[in-house]
2 protein chains.
Amino acid sequence: MNTSQRFAITIHALTLLADSRQPLTSEYIAGSVDTHAVVIRRTMAALREQGLVESKPGARGGWKLKRAPGKIHLREVYQSLGEEEVLSMHSHPNRYCPIGGNIRGVLEEVFSSAQSALLDSLSRRTIADVLRDVHARARRR
Amino acid sequence: MNTSQRFAITIHALTLLADSRQPLTSEYIAGSVDTHAVVIRRTMAALREQGLVESKPGARGGWKLKRAPGKIHLREVYQSLGEEEVLSMHSHPNRYCPIGGNIRGVLEEVFSSAQSALLDSLSRRTIADVLRDVHARARRR
DNA sequence: CATATTTGTAACCATTATAGTTACGAATAT
DNA sequence: ATATTCGTAACTATAATGGTTACAAATATG
C-alpha cells in the first residue's frame with residue numbers, strides 16, 4: 001500500500017504559506033488543495049505541535065510559518081506527521097521455526113536502512129526549494 | 001500510512017525456500033509466517049510471474065526458487081509485488097491557483113527521488129544476505 | 001459590546017485496502 | 001484410484017483514510 005495524501009497536502013499548504021505575506025485561512029488552503037477545511041486543520045495540527053507553523057483563531061486569523069521556508073526540510077515535515085515506517089513487518093512469525101524465530105530482527109534492520117535512505121532524500125529539500133520549482137514551472141507556461 | 005505486510009511475508013518465504021533443498025508447500029510456509037496458505041499463494045503468485053520462484057501442484061508439489069538466493073535482490077522482490085509508490089500525491093489540486101496548478105509536477109519529482117533512494121537501499125541486499133543474517137542470529141541464542 | 005470570522009475538535013459516514021477464510025476445481029505423484 | 005497440493009473466486013471483518021456536519025471557543029473590528 002502507499003502512504004496517505006497527508007504529506008502531499010502538507011507540502012502544498014506550506015508552499016502556499018511560504019508564498020504569502022498574510023496568514024492564510026484553512027478555507028483558502030483547502031480551496032487550493034481541493035479538500036475540506038477540516039482536513040487542513042487536522043493535518044496542520046501536527047505541524048503546529050512540531051513548531052513549524054502557528055494558527056490563530058478568529059477574524060483575520062489563519063495559518064503562518066514560524067520559520068523561514070529555507071529552514072524547513074521535507075524530512076522534518078514528513079516526520080511531524082508521525083506516519084508509520086513505509087515498510088512494515090508481518091505480525092507473529094512462528095518463533096519455533098529457526099527462520100521465523102529470527103527473521104524479524106533481520107527485517108527490522110533492512111527496513112530501517114531503507115527508511116533512512118528515504119528520509120535522507122527528503123532532507124535534501126526545503127519548502128523554499130519547492131516554492132522555487134513551482135514558480136519556475138509557472139513561468140514556463 | 002505504511003505498506004502492506006506482503007513484502008515482509010515474501011522475504012520470509014523466500015528465505016525459507018533458500019534454506020531448503022526440497023520444495024515447500026504453501027501450508028508449511030504459512031505455518032512459519034503465521035498466516036493462511038491462501039495468503040501465501042496469493043502473494044507468491046506475483047513472484048512467480050516475475051520468474052523468481054516456481055510452483056508445482058499435486059503431491060510432492062510446492063514452491064522453489066528459480067534462481068540462486070545471492071542473485072535475488074530485495075529491490076526486485078519489492079518491485080515484483082507491484083506496490084504503489086510509498087509517497088502519494090493528493091488528488092486534484094486547484095489548477096487555477098498558481099501553486100496548486102504547478103505543485104504536482106514538483107512533488108512527482110521529489111517523491112520519485114525518495115522512492116529511488118528507498119529502492120537503491122533495497123538493491124544492496126539479497127535473499128542470501130538475509131538468510132546469512134538469520135542464521136547468525138540463530139547461532140547467537 | 002455585538003457581530004462576523006476563524007480555529008479546535010468530536011462525531012459520523014462512505015470508501016478502500018488488507019488479510020483471513022471457505023470452497024471447489026485442476027494437476028500431479030505414488 | 002487416491003491423497004496431496006496449487007489456483008482462484010468469493011465472502012467477511014477490520015482498519016485507515018478522507019469528507020462532512022456540528023458546535024464551542026477565540027479574536028478582530030466597527
Side-chain angles (χ1 to χ4, degrees), chain A residues 1-10 12-13 16-17 20 22-49 53-64 66 81-94, chain B residues 1-10 12-13 16-17 20 22-49 53-64 66 81-94:
Chain A
M1 202 230 301
N2 48 359
T3 334
S4 64
Q5 300 175 34
R6 279 191 283 259
F7 187 42
I9 289 177
T10 302
H12 186 150
L16 288 169
L17 294 179
S20 162
Q22 304 113 36
L24 300 178
T25 67
S26 305
E27 207 66 54
Y28 176 84
I29 297 172
S32 174
V33 167
D34 183 34
T35 183
H36 201 97
V38 173
V39 173
I40 299 298
R41 294 195 193 107
R42 218 144 54 182
T43 309
M44 300 288 282
L47 301 192
R48 185 179 44 219
E49 277 158 34
V53 296
E54 62 190 341
S55 61
K56 200 169 59 168
R60 297 281 176 102
W63 298 88
K64 61 183 192 183
K66 280 190 75 173
L81 298 179
E83 304 268 3
E84 300 284 325
E85 291 211 328
V86 294
L87 300 178
S88 59
M89 204 62 61
H90 55 323
S91 3
H92 309 104
N94 183 342
Chain B
M1 201 233 304
N2 49 359
T3 336
S4 63
Q5 300 176 34
R6 279 191 284 260
F7 187 42
I9 289 177
T10 302
H12 187 150
L16 288 168
L17 294 178
S20 162
Q22 305 113 36
L24 300 179
T25 67
S26 305
E27 207 65 56
Y28 177 85
I29 297 170
S32 173
V33 167
D34 184 33
T35 182
H36 201 96
V38 172
V39 173
I40 298 298
R41 296 198 190 104
R42 218 146 50 186
T43 308
M44 300 288 281
L47 302 191
R48 185 179 45 219
E49 276 157 36
V53 296
E54 63 189 342
S55 60
K56 201 168 57 168
R60 296 279 176 104
W63 298 87
K64 62 183 190 183
K66 280 191 76 174
L81 298 179
E83 304 268 3
E84 298 284 326
E85 291 211 326
V86 295
L87 300 179
S88 59
M89 204 61 61
H90 55 325
S91 3
H92 309 104
N94 183 342

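Just so it is clear, the structure is predicted and the values come from calculations on it, not from any experiment.
Between the side chains of A/Arg48 and A/Ser55, a donor-acceptor pair is found at a separation under 3.5 Å. A side-chain donor-acceptor contact under 3.5 Å links A/Trp63 and A/Ser26. Side-chain contact of A/Ser88 with B/Gln5: a donor-acceptor pair under 3.5 Å is absent, judged by distance alone. Residues B/His90 and A/Thr35 bring no donor and acceptor atom of their side chains to less than 3.5 Å of each other.
Summarising the geometry, the separation between NE2 on B/His92 and P on D/dG18 is reported as 14 Å, rounded to the nearest angstrom. Rounded to a whole Å, the CG atom of B/Leu17 is 11 Å from the P atom of D/dC6. To the nearest angstrom, P of D/dA16 lies 16 Å from CG of A/Leu81. Whole-Å rounding puts the A/Glu54 CD to C/dT6 P distance at 17 Å. If you take CZ of B/Arg48 and C1' of D/dT8, they are 10 Å apart, rounded to a whole angstrom. A straight line from OH of A/Tyr28 to P of C/dT5 spans 18 Å, rounded to a whole angstrom. As a whole-Å value, the separation of A/Ile40 CD1 from D/dG18 P is 11 Å. Distance, B/Glu27 CD to D/dG7 P: 14 Å, rounded to whole Å.
Residue B/Ser55 has a polar side-chain atom (N or O) positioned under 4.0 Å from OP1 or OP2 of D/dG7. One finds a side-chain N or O of B/Ser26 lying less than 4.0 angstrom from the OP1 or OP2 phosphate oxygen of D/dC6. Put simply, A/Arg6 has a side-chain N or O that comes within less than 4.0 Å of OP1 or OP2 on D/dT17. Checking the phosphate oxygens (OP1, OP2) of D/dT4, no side-chain nitrogen or oxygen of B/Lys56 falls inside 4.0 Å.
With a 4.5 Å cut-off on side-chain heavy atoms, A/Val53 and A/Lys66 do not count as touching. At a threshold of 4.5 Å between non-hydrogen side-chain atoms, the residues A/Ser32 and A/Leu16 count as touching.
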With B for base contact, S for sugar-phosphate-only contact and - for none (protein heavy atoms under 4.0 Å), nucleotides 19-26 of chain D reads BBB----B

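Rounding to the nearest 0.5 Å gives a distance of 7.5 Å between CD1 of B/Ile9 and OG of A/Ser91.
The A/Arg60 side chain lies nearest to D/dT29 when the options are C/dG8, D/dT29, D/dT17.
Where A/Gly61 and B/Gly61 each meet DNA chain D at their nearest nucleotide, the meeting point lying more 5' is that of B/Gly61.
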